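Structure first, then comments.
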Amino acid sequence: MSTNTQHPVTTSSYSTRAEKATHPLSEYLFRLMSIKHSNLCLSADVSTANQLLHLADTIGPSIVVLKTHYDLINNWDYHPTTGTGSKLARLARRHGFLIFEDRKFGDIGNTVQLQYTEGSARIIEWSHITNVNMIPGKAVVDSLHGAAVRWREKKKYEVKTDISVGTPRAESVNEEYDSEDGAAKMPVPEENGSGSALDAYVHARDGRKASIVSVTTVSQHFEPANSPRNWENLDEEDEVLYPGIEGAPLERGLLLLAQMSSKGNFMTADYTNACVESAREHKSYVMGFISQESLNSEPEDMFMSMTPGCQLPPEEDDENAPIEGDGKGQQYNTPRKLIGMMGSDVVIVGRGIIKAANPRAEAERYRRSAWEAYEGRITA
Ligand code: S5P
């Protein structure tokens with residue numbers, strides 16, 4: 001067991017950590033975790049935008065973070081307001097999760113700034129969180145932080161006014177990909193103020209028959225400067241938010257790649273310590289780490305750890321049965337070990353869920369296991 005699991009943060013509840021968090025996105029994420037009873041991140045490593053959006057929609061209810069590798073998607077649509085990032089953002093708001101582009105930046109400061117904010121993908125626009133490999137040195141974190149601050153400042157002055165006229169359509173978000181799953185094809189009302197359409201949607205979500213006849217409304221929405229949601233450039237007022245929580249704050253967050261799950265990796269203890277030092281220097285931007293354990297050691301540390309290399313043995317096997325790697329260097333541990341013993345906060349699971357016969361049910365099995373490990377940890 002890691003000595004860092006003795007740190008007081010490890011036995012604090014996620015809601016207490018939300019109250020104490022200094023980073024707005026960490027505060028938001030801890031609140032989401034408490035509301036959804038989930039400390040699960042899905043690593044959506046698939047190859048088409050359709051598969052990605054379908055996964056986000058079907059697994060969304062079980063997760064608090066959806067991790068992407070946008071460069072694995074062979075038909076990623078780069079359009080700023082109707083493209084894949086924008087569609088993901090709508091699903092994130094509907095199901096209540098944050099988007100984490102696992103970009104692992106690793107170049108000189110000037111280049112990573114451009115990769116983050118410019119180019120085809122414009123990662124900063126749609127991804128709440130990204131991460132960095134700190135091998136180039138601490139300047140890479142300074143540079144990403146600077147870019148995020150400038151981007152945030154620029155957003156303050158963007159005011160959006162929009163007028164829409166129409167009747168509810170069954171498509172909305174769902175028209176944007178071909179779901180094989182009937183439940184994902186529920187109608188979404190277009191107008192925020194329409195009780196009947198909203199009710200029909202809620203009924204549809206409950207699995208009951210929905211009927212939207214015709215609601216024609218004129219809506220005008222005005223996004224005040226500095227609105228926490230204006231970045232999404234969507235039909236914000238038309239979207240149903242996850243109940244009990246507002247849309248995510250506009251601030252962006254960074255995770256430092258402090259430790260890796262792969263066998264024989266070259267991340268030494270000195271490198272990991274340098275990551276922790278850098279995180280302490282950038283508390284308003286760095287949320288925490290990609291690591292195999294909690295890295296909080298000083299009394300005032302309140303960083304979050306998200307941990308990949310996580311799988312459960314098959315349901316019929318003993319929960320303590322050893323889990324084999326993937327034959328390509330990846331090593332796996334169970335949620336019970338990573339959350340319960342190593343003090344991690346969020347487990348990141350890819351193939352364990354997406355290759356399962358029933359990914360939705362499997363995601364729930366992981367969510368339950370990781371949540372039980374957390375509950376056991378805080379009551380120990
Ligand atoms: O150390 C790491 C860091 C990361 S971000 N080990 C990892 O496996 N990852 C990522 O987590 C990896 O790029 C992949 O997207 C995911 C693990 O996927 P899985 O299918 O092995 O669960």
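Order of appearance sets the numbers: ligands from 1, and atoms from 1 within every ligand. Model, not experiment: these values are computed from the prediction.
Note on residues 292-318: pairs passing ring pair (Phe, Tyr, Trp, His ring centres under 6.0 Å), not counting sequence neighbours, are Phe289-Phe303.
For Lys337, the NZ atom counts as loosely surrounded, since its 6.0 Å shell holds 12 or fewer non-hydrogen atoms of other residues, nucleotides or ligands. In this structure, Arg336 places its CZ atom where only 12 or fewer heavy-atom neighbours from other residues, nucleotides or ligands lie under 6.0 Å away.
Asp102 OD2, 3.0 Å is the protein heavy atom nearest to atom 5 (S) of ligand 1. In terms of protein heavy-atom proximity, atom 13 (O) of ligand 1 is nearest to His69 NE2, 3.1 Å. When only non-hydrogen protein atoms are considered, atom 8 (O) of ligand 1 lies nearest to Gln330 NE2, 2.8 Å. Shortest contact from atom 16 (C) of ligand 1 to any protein heavy atom: Ser43 OG, 3.4 Å. Residue, atom and distance of the protein heavy atom nearest to atom 21 (O) of ligand 1 are Tyr332 OH, 2.7 Å. Looking at atom 18 (O) of ligand 1, its nearest protein heavy atom turns out to be Asp45 OD2, 4.0 Å. In terms of protein heavy atoms, atom 4 (C) of ligand 1 is closest to Pro308 CG, 3.5 Å. Protein heavy atom closest to atom 1 (O) of ligand 1, with residue, atom name and distance, is Ser261 N, 2.8 Å.
For the residue pair Thr68 and Glu101, a side-chain donor N or O sits within less than 3.5 Å of a side-chain acceptor on the partner.
A side-chain donor-acceptor contact under 3.5 Å links Arg252 to the backbone of Ile124.
Tyr70 and Tyr78 have perpendicular rings, their planes meeting at more than 60° on a 0 to 90° scale where under 30° would count as parallel. Aromatic ring pairs are classed by plane angle as parallel below 30°, tilted from 30° to 60° and perpendicular above 60°; the pair His95 and Phe97 is parallel. Classified by interplanar angle (parallel below 30°, tilted 30° to 60°, perpendicular above 60°), the ring pair Trp371/His37 is parallel.
Between Asn131 and ligand 1, no pair of N/O atoms sits closer than 3.5 Å. At least one N or O atom of Gly350, backbone or side chain, sits closer than 3.5 Å to an N or O atom of ligand 1. Residue Ser262 has no N or O atom closer than 3.5 Å to an N or O atom of ligand 1.
In this structure, Lys355 falls outside the shell of residues with a heavy atom less than 4.0 angstrom from ligand 1. The shortest separation from a heavy atom of Gln292 to ligand 1 is not under 4.0 Å, leaving the residue out of contact.
Electrostatic pairing of Arg280 and Asp301 counts as a salt bridge here, judged by a charged N lying under 4.0 Å from a carboxylate O.
With ligand atoms numbered from 1 in the order given, ligand 1 contributes 19 (P), 20 (O), 21 (O), 22 (O) to contacts under 4.0 Å with heavy atoms of Arg351.
With sequence neighbours excluded, no residue forms a side-chain hydrogen bond (donor to acceptor under 3.5 Å, both in side chains) with Glu19.
When non-hydrogen atoms are compared, ligand 1 lies under 4.0 Å from neither the backbone nor the side chain of Gln311.
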